[in-house]
Every structure is written in structure tokens, then in C-alpha cells.
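First up is the structure itself, then whatever we jot down about it.
Positions are given from 1, in the same order as the sequence printed here. Just follow the structure's listing: the first ligand is 1, and inside any ligand the first atom is 1.
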Amino acid sequence: MYDFRKSVVYQCYFKSFFDSNGDGVGDLGGVTAKLDYLKTLGVDYIWLNPFFPSPQRDNGYDVADYCAVDPRFGTMADFETLSQEAAKRGIRLMLDMVFNHTSTEHEWFQKALAGDKEYEDFYIWREGGADGTPPNNWESKFGGNAWQYVPEKGKWYLHLFDPTQADLNWENPRVRQELQKVIRFWMDKGVKGFRFDVVNLISKGSYKSDDQGDGRRFYTDGPRIHEFLHELSAATFGTDAEIITVGEMSSTSMENCYRYAGADTGELSMVFSFHHLKVDFVGNEKWVLVPFDFLKLKNILFSWQTGMSDHNAWNAVFWCNHDQPRVVSRFGDEGEYWAPSAKMLGTVVHCLRGTPYVYQGEEIGMTNAGFTSLDQYRDVESINHYHILRARGLHEDSVYDILRVHSRDNARTPMQWDASAHGGFTTAEPWISVNPNHTRINAAAQVGDPDSVFTHYQKLIALRKQYDVIAYGDFAPLDQQHPSVLAYTRRLNGEQLVVVNNFYRTETDWTCPVDLDGFTCLLSNYPDSTVQTKLHLRPYESLVLHRAAK
Ligand code: TEU
């Protein structure tokens with residue numbers, strides 16, 4: 001069954017998933033070894049982060065060859081084994097296509113550097129100011145200016161991320177054709193899913209300096225973006241109705257997403273947007289410590305639910321990925337209410353209209369890393385920002401406090417399989433340290449336990465398959481301005497779902513605006529929840545109420 005609206009995708013940051021060859025780094029063989037676990041959870045797709053040859057400056061998002069496997073992670077034969085073994089269990093693979101940029105070690109960039117004009121035009125080069133200033137003031141997402149000077153050429157190339165991640169020139173038709181070949185290469189291997197990294201940044205508009213910001217308004221959802229996606233789809237995945245696609249949309253607008261992920265627009269199946277995950281930022285600044293804004297979170301989530309639905313477009317719904325802190329640490333409770341809050345957060349996402357994504361470890365309630373020194377961090381963005389924040393005059397302790405909350409490494413600590421050394425992830429020294437709480441929070445302790453976070457996720461995934469209203473129903477918010485309850489309803493041909501969540505540890509009374517006559521409780525995170533119009537919600541209490549069509 002491959003209707004993506006009925007499906008759940010599991011994101012496997014395999015480098016931290018399971019190490020099958022004892023070198024401290026997770027690999028493709030490690031994913032194969034754990035397929036039965038994923039089958040038990042019930043997921044339909046595995047999104048694999050990039051496993052292509054790469055200098056690993058940005059953990060594989062700096063691709064040096066799109067059509068091969070990095071020997072650190074296995075071989076093409078290992079990939080094929082994984083694909084076949086997954087298929088035996090009804091699971092399909094989704095590959096991560098990083099098409100906004102390549103590694104500077106990619107053959108194309110190397111040829112460009114060596115003076116080959118044809119390949120020079122694969123990238124974006126500009127002249128700087130006579131005084132040695134870069135072509136404009138755009139900032140890299142990882143900090144610093146977004147241009148790198150190459151003395152031999154007397155020109156600068158654009159890198160919206162690390163200097164070793166050079167932006168591709170999508171205006172050049174040859175670039176677009178080469179990238180189409182990459183998709184066809186993996187399609188020929190039977191791949192039925194693709195995730196496109198920061199794909200709404202590929203069409204650059206003008207190269208003006210930005211007097212209002214960091215430059216993103218000139219290249220986000222740029223002038224030819226819909227044309228480029230349409231063309232890519234028509235030439236590759238759009239020819240196979242079984243393939244599903246998701247675009248990672250950085251700082252996008254909903255209006256653009258209607259087209260990126262419209263049912264009949266010929267672009268992508270669905271989109272990741274991130275506005276709901278900036279509610280603990282100040283504007284676009286994430287390196288700050290502010291409590292999350294609950295009403296803003298609800299308003300953003302709900303407006304995307306209704307807006308996308310009204311335009312017959314489809315969301316990917318998620319809290320977590322390899323770039324985000326752990327959700328239970330972020331919006332839930334790591335302490336006394338760890339389990340109920342982790343379950344509540346899972347319920348909120350899985351009952352929405354959209355395809356849910358589970359990021360490895362989320363299904364067992366893994367928490368933030370809790371790192372205390374810079375040498376524990378591996379992520380280029382985190383390390384850069386340590387230095388940027390220190391240079392701004394922040395005390396070291398304050399910088400660590402900020403990193404502990406916002407660093408991408410919070411998501412990247414190894415999967416906690418059991419209570420043994422290194423959480424059962426590896427027999428060697430892991431490339432990034434395991435959270436010491438693996439003795440308490442681990443998969444072995446949760447699989448098969450009827451009260452565990454894992455079992456709750458398993459039930460949520462099963463409910464989507466069982467109840468059409470979850471997959472296909474309309475969405476409407478309930479009591480949207482309530483300061484601590486997140487509630488909504490879903491409807492499909494007389495069938496109805498009511499989802500009620502206390503987002504806080506404080507108990508609260510809540511009166512349901514829907515007449516609950518005939519409803520039963522499908523799922524809750526307390527053993528004795530009852531169906532009542534006037535509810536007294538306990539800490540993080542979460543209920544999924546259902547009434548069949550009459
Ligand atoms: O991330 C896109 C992105 O802009 C942010 O997630 C960014 O990494 C950061 O969180 C901004 O504060 C994608 C990938 O998911 C990420 O891992 C890569 O580093 C990035 O693109 C570059 O390929």
C-alpha cells in the first residue's frame with residue numbers, strides 16, 4: 001500500500017543509527033540489520049540521509065559524487081541489499097538529493113577550478129569590489145559571508161552553506177540535465193522516494209546586496225523555481241506514479257507551497273516547511289534563548305493545515321529531523337513527564353492532515369545531547385556559531401547554554417538501542433558521543449512494553465492506516481486561542497476525529513466545542529482517560545476521540 005497520505009516516513013540518519021562493522025560510524029549495513037525494528041514500528045518509507053562520497057564537512061550534504069556510495073558507509077551492493085531487504089518487509093527507500101550545491105571536491109567543481117569553462121558555468125561566479133570585498137553582503141546559513149574568493153580566477157563563487165558547498169548554477173541547462181541523470185540513475189535502481197534538500201533556493205534572482213537582511217529574499221522561492229521543479233519532475237520522477245517526493249523548503253511562503261505540493265501542479269508530492277519550528281527564535285535568529293511561543297506555534301501549524309488543504313496541497317508533518325533539537329526537550333518535558341509529553345507530541349503530529357515523518361529516536365523519546373564542551377560537538381554550524389557568539393562578547397557559559405538548546409548535534413547522537421556501552425550503537429568509540437541517559441531511554445526497554453513511547457508511536461502509525469479520517473479528513477482548529485490546549489478536529493463523510501492535547505504540565509479544564517455523543521477514545525497517554533465534554537486535562541494529557549460515520 002503506497003498511498004503517501006496513508007504512509008509514515010522514518011528518517012534514518014544512518015551515520016548515528018547502527019554501526020555494523022565496528023568502526024564507530026553507522027552505515028548502510030546497520031540500517032539493513034535493524035529493518036525488523038522498523039517493520040515492528042510499522043513505517044512505510046525510510047528516508048536515508050546522503051550516503052554518497054563526500055568529504056563529510058557537512059555530514060554528507062557536501063556531495064562529491066551523486067551516483068556512488070561512500071566507502072565509509074558501505075558499497076553499492078550494500079545499498080542493493082538494503083533496498084531488497086526493505087522491500088521484503090514492505091518498506092521503500094527515499095534518497096536525499098542535495099541539488100542546490102555540490103562539494104568543492106566534486107569533479108565538476110574541480111574541473112571548473114582547473115580552468116574548464118564549461119564546468120565553470122556549472123557554478124555561480126561573480127567579481128568582487130576593487131578593494132577585495134565580496135560581490136554582495138549575503139550571509140552563509142552557517143555564518144559569515146556567502147562568497148569565497150579564488151585568487152587564480154580573480155572571482156568569487158557563491159556558497160549559501162559552507163565554503164566547501166558551492167552553489168550550482170541552475171540557469172545553465174547542462175546542470176539541470178546532469179541532475180536529471182542522477183535521479184534516473186537511482187530510479188533505475190528501483191528507488192521510489194526522493195527528498196530534495198533546500199530545493200527552493202535553486203533559482204537565484206538578482207545578486208543585489210540586501211539592505212534589509214541576509215540576502216534570502218533574493219534567492220528563496222526564486223523567479224524560475226516552479227519552472228525548474230516542473231521540468232525536473234517531467235523529465236524524471238513525474239513519469240512514475242509510485243514515486244513520492246518531498247522538498248525541503250527553507251523560509252518559504254505558503255503561496256509557493258500550494259504550487260510545490262499541489263495535487264495537480266506537476267511539481268512535488270509534499271513539502272517540509274519550518275515556520276512552526278522558529279517559535280523559539282527571535283525573528284530568524286536561532287542562537288538565542290527564549291521560551292517557545294505556544295500561540296504562535298498553534299497559529300502557524302493550523303494556518304498551514306487549512307491553507308494547504310484549501311488549495312489541495314499536501315504537507316509533510318514533523319517535529320524532528322537531523323537539523324532540529326529533540327522535540328521532547330524542546331516542547332515537552334525531559335523530567336517527570338517525559339513519557340506523557342513525548343506521547344502527546346507524537347499524537348499532535350500524527351493526527352494532522354499530512355504525511356508524518358518520524359526522526360530516528362523520536363519514537364523512543366530521545367532527548368537533547370546535553371554536551372558541555374566544544375570538543376563534543378561535530379556539527380560545522382554549531383562550531384562556527386560557538387566562535388561567532390564568543391566573538392560577539394557572550395560568556396562561554398552562555399554560549400554553551402545556547403548550543404545545548406539549539407545545536408543540530410542534539411539530534412545526531414547515536415540511536416539508543418539498549419543499556420549497554422554506547423547504547424548498543426557500536427562496539428568502537430562512536431564518532432559522536434552517546435547520551436548517558438541511554439541506560440534509561442532505549443529501544444530494548446520499550447519494544448513490547450504496552451505503556452512505552454515506542455508502543456504509542458506504533459499505535460499512531462497503525463491508526464493512520466486503519467482510519468481514513470486521519471489520512472484524508474478535513475482539518476479544523478478547536479478553541480484556537482486557548483493558552484495551553486492544542487485541539488483540532490478532522491472530518492470525512494460523517495466520520496469524525498477530535499484530538500485534544502494539554503501542551504503543558506499544569507492541569508487545565510477544557511470544554512469541548514464538539515458534541516461528543518457517540519465518540520470513543522482511540523488513544524490516550526493516561527490509562528484511564530474518559531470521553532467527556534467537560535474535560536479536566538492532566539499534565540500533557542492527550543486524547544484521540546473518534547466517531548464512526550452514522
Ligand atoms: O538544511 C537546510 C537549512 O537551511 C537548515 O536546516 C540549516 O541546516 C540550519 O538548521 C540553519 O540554522 C539542509 C540539510 O537538512 C542540512 O543538514 C544541510 O546542512 C543543509 O541543507 C545544507 O545542505
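By the 4.0 Å N-to-carboxylate-O rule, Arg92 lies too far from Asp44 to be salt-bridged with it. The existence of a salt bridge linking Asp280 and Lys296 is excluded, since no basic side-chain nitrogen approaches an acidic carboxylate oxygen closer than 4.0 Å. Contact check on Arg224 versus Glu171 returns a salt bridge, with a Lys/Arg side-chain nitrogen under 4.0 Å from an Asp/Glu carboxylate oxygen.
If you run ring-ring contact (aromatic ring centres under 6.0 Å, His included) between Tyr386 and each of Tyr400, Phe142, Trp287, Tyr377, only Tyr400 comes through.
Remark: Trp431 pairs with no residue by the ring-ring contact (aromatic ring centres under 6.0 Å, His included) rule, at least two apart or across chains.
Protein residues with a heavy atom closer than 4.0 Å to ligand 1 are Asp58, Tyr61, His101, Phe142, Phe161, Gln165, Arg195, Asp197, Val198, Glu248, Lys286, His322, Asp323, Glu381, Arg408, Arg412, listed by chain and number.
Side-chain contact annotation: Asn100 with Asp167, donor-acceptor N/O pair under 3.5 Å present.
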